[in-house]
Amino acid sequence: MENKNYNAFETAQEQFDGVAEILGLDQATKDFLREPLREFHFSIPITMDDGSKKVFRGFRVLHNDARGPGKGGIRFHPQETIDTVRALSMWMTWKCAVVDIPLGGGKGGVICDPHNLSKNEQERICRGWVRQLAKNVGPITDIPAPDVMTNAQHMLWMLDEYETIRGEKYPGFITGKPVGMGGSLGRTEATGYGVIFTLREALKELGIRPEDTTASFQGFGNVSQYAIQLYEQYGGKVISVSSWSQKEQKGFTYRNKSGINLKELLGITDNYGGIDKEKAETLGYEVLPGDAWIEQDVDILMPAALENEINKDSVKKIGARVKIIAEGANGPTTPEADQVIKEKGIFMIPDFLANAGGVTCSYFEQVQCNMNYFWSKDEVLGKLDSKMTAAFIAVSEMAKERDLYMRDAAYVIAIDRVNLACKNRGWI
Ligand code: NAD
């Protein structure tokens, strides 16, 4: 997103085109699936706290809903672009399909930086977003969720606006709500834990014990924090994490070769996953450049920040010891970098499989909202483990059977399922 030459949508289409060839899809199906079904671009005018007016740009893209209502997060980011939202909505379609949940792919965003907005201003943006879209989103149409720089509070404001407009209760309109207000236990942990469930299976397949591994993470937000927690529970050791410094406007990598202390780092991290650099230095962490996370001498790399982080240049820095890349973030690897990773024989757990725990738990949240009966955390996480493990095994069996790169195998399964749903509905 920071790189002006990188276009996430082109990457998503390029990945799709490659798999469309493998699957031998006809031209009309290719044309249909490589573009979103519909898009909304709109303005959100709000009153700032000082009384002035400001207009923010908002988006919602629905890539495909052949298998069920659209599903996907809303991102708040100063560099948000429509092409990023398009790419992410397409990846959501494949993600829901690969874990076999009855939902399609959507994504939304607002060009804004919550760091520079008061709580009240953020609330007005959330309500304004819903006001623009109330007719086109909903529990059986398209269901939003939190994503980069949005959280449970944002979702609750959005739910409240939606229910106010509709005059009825629709707890299934949006997911990622606070627990006790229609949220599911385990949702906060779900994406990070989901990545580690797939990593655990990959390690099993490679015959490596988690306790014999080390890892380096990019990002220290929701996904990384819970992934690190579970990875450490399995016995793994994290030696470095990177995060964005709002103050210095650049990323830094924080390293402790004997293992980071998760609790200690959480104590010096803000709500956006930003680690306090001065405090980290005081605690004895080595402070390295932002991109140093990728060149660490570790077994596992986990990009969990933004897209386009493993590209044709940075991929060259990956150390010889790396055996697995588990993609927590969406679209962190470019197709050129994939080529190099394939040649190096690194085991790839692709984003839309690895980070599907979030949407899977969101689906559970909807199911619970519809029943108006809520499960215990253990029940949620147990069901999540089963879903993620089954999806991983299906993809890795496909990869072995057809001698495919894991990303391609995941795509083959997902695109085939969506293609079939479109065909069975008589769309294409
Ligand atoms: P978050 O906002 O909680 O955390 C993002 C982290 O990345 C922060 O620590 C931030 O400091 C860091 N970061 C940002 N820019 C950076 C840079 N240039 N260099 C180093 N660090 C940088 O976000 P999150 O919810 O953890 O999501 C991370 C990724 O995972 C995103 O790609 C998101 O789309 C994807 N994802 C999230 C979920 C979810 O449920 N949260 C689900 C699926 C996928």
Side-chain angles (χ1 to χ4, degrees), residues 71 91-92 94-101 103 145 175-176 184-219 221-238 241 262 298-304 323-330 332 346-365 367 375-400 406-407 409-410 413-414:
K71 185 90 195 80
W91 283 321
M92 282 307 292
W94 314 140
K95 191 183 294 190
C96 293
V98 84
V99 281
D100 204 10
I101 54 179
L103 296 168
T175 58
S184 174
L185 290 167
R187 176 61 186 89
T188 318
E189 293 87 347
T191 307
Y193 275 27
V195 181
I196 302 305
F197 292 143
T198 63
L199 174 66
R200 178 196 66 203
E201 295 305 307
L203 287 168
K204 235 185 251 173
E205 200 171 304
L206 299 177
I208 304 169
R209 297 185 326 152
E211 51 271 44
D212 296 334
T213 65
T214 53
S216 173
F217 282 62
Q218 188 196 32
N222 169 262
V223 178
S224 277
Q225 291 173 11
Y226 287 98
I228 292 171
Q229 190 195 85
L230 188 62
Y231 173 64
E232 288 186 345
Q233 266 179 41
Y234 287 151
K237 186 162 82 181
V238 178
V241 296
L262 179 61
V298 290
D299 306 287
I300 296 152
L301 287 179
M302 181 156 152
K323 297 172 189 70
I324 299 178
I325 298 175
E327 294 183 327
N330 289 312
I346 297 172
F347 192 101
M348 168 63 77
I349 315 177
D351 50 3
F352 65 102
L353 169 64
N355 69 32
V359 73
T360 303
C361 195
S362 290
Y363 164 59
F364 295 157
E365 180 176 331
V367 172
W375 307 331
S376 70
K377 192 171 182 170
D378 281 353
E379 194 171 352
V380 173
L381 295 176
K383 284 183 164 68
L384 180 68
D385 193 347
S386 309
K387 240 353 195 168
M388 296 300 294
T389 302
F392 176 90
I393 291 171
V395 172
S396 94
E397 278 178 1
M398 169 68 78
K400 280 182 264 172
M406 279 289 281
R407 190 186 312 283
I413 291 180

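One-based numbering along the sequence shown.
- Here the closest non-hydrogen pair linking A190 and G357 is CB-O, 3.5 Å.
- Remark: the backbone N or O of V99 is paired with a side-chain donor or acceptor of K387 at under 3.5 angstrom.
- Between the E365 side chain and the G176 main chain, a donor and an acceptor come within less than 3.5 Å of each other.
- Taking each heavy atom of V98 and A391 in turn, the nearest pair found is O-CB, 3.8 Å.
- Looking at residues two or more places apart in sequence or on another chain, you find a ring pair (Phe, Tyr, Trp, His ring centres under 6.0 Å) between F364 and W375.
- Note: I324 CD1 to L301 CG = 10.5 Å, rounded to the nearest 0.5 Å.
- In terms of heavy atoms, A215 sits closest to V298 at C-CG1, 3.8 Å.
- With values rounded to the nearest 0.5 angstrom, M406 atom CE is found 11.0 Å from E327 atom CD.
- Note on residues 191-212: no pairs pass ring-ring contact (aromatic ring centres under 6.0 Å, His included), not counting sequence neighbours.
- For the residue pair L185 and V380, the shortest heavy atom distance occurs at O-CG1, 3.3 Å.
- Residues satisfying the side-chain contact (heavy atoms from CB on, under 4.5 Å) test with T389, not counting sequence neighbours, are R200, E201, D385, I393.
- The CG atom of N355 sits 3.5 Å away from atom NZ of K95, with the distance rounded to the nearest 0.5 Å.
- Taking A409 as the reference, V395, M398, A399, L404 meet the side-chain contact (heavy atoms from CB on, under 4.5 Å) condition, with sequence neighbours excluded.
- Within a 6.0 Å sphere centred on NZ of K377, heavy atoms belonging to other residues, nucleotides or ligands number 12 at most.
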Show every donor-acceptor pair shorter than 3.5 Å between a side-chain atom in residues 221-228 and any protein atom, with sequence neighbours excluded, or say none if there are none.
residue: N222; atom: ND2; partner: T188; partner atom: O; Å: 3.0
residue: S224; atom: OG; partner: G219; partner atom: O; Å: 2.7
residue: Q225; atom: NE2; partner: F220; partner atom: O; Å: 2.8

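- Between atom CG of residue L203 and atom OH of residue Y231 there is a gap of 7.5 Å, rounded to the nearest 0.5 Å.
- Taken from CD1 in I325 to NZ in K323, the straight-line distance is 12.5 Å, to the nearest 0.5 Å.
- For the atom pair CD1 of I300 and CZ of F217, the computed distance is 8.0 Å after rounding to the nearest 0.5 Å.
- Contact check for D299 versus I208: no side-chain heavy atoms found under the 4.5 Å cut-off.
- Remark: side-chain polar atoms of S184 are not paired, donor with acceptor, to backbone N or O of R187 under 3.5 angstrom.
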Using atom types as modelled, flag every donor-acceptor pair under 3.5 Å from a side chain in residues 346-354 to any protein atom, sequence neighbours excluded.
residue: D351; atom: OD2; partner: G331; partner atom: N; Å: 2.7

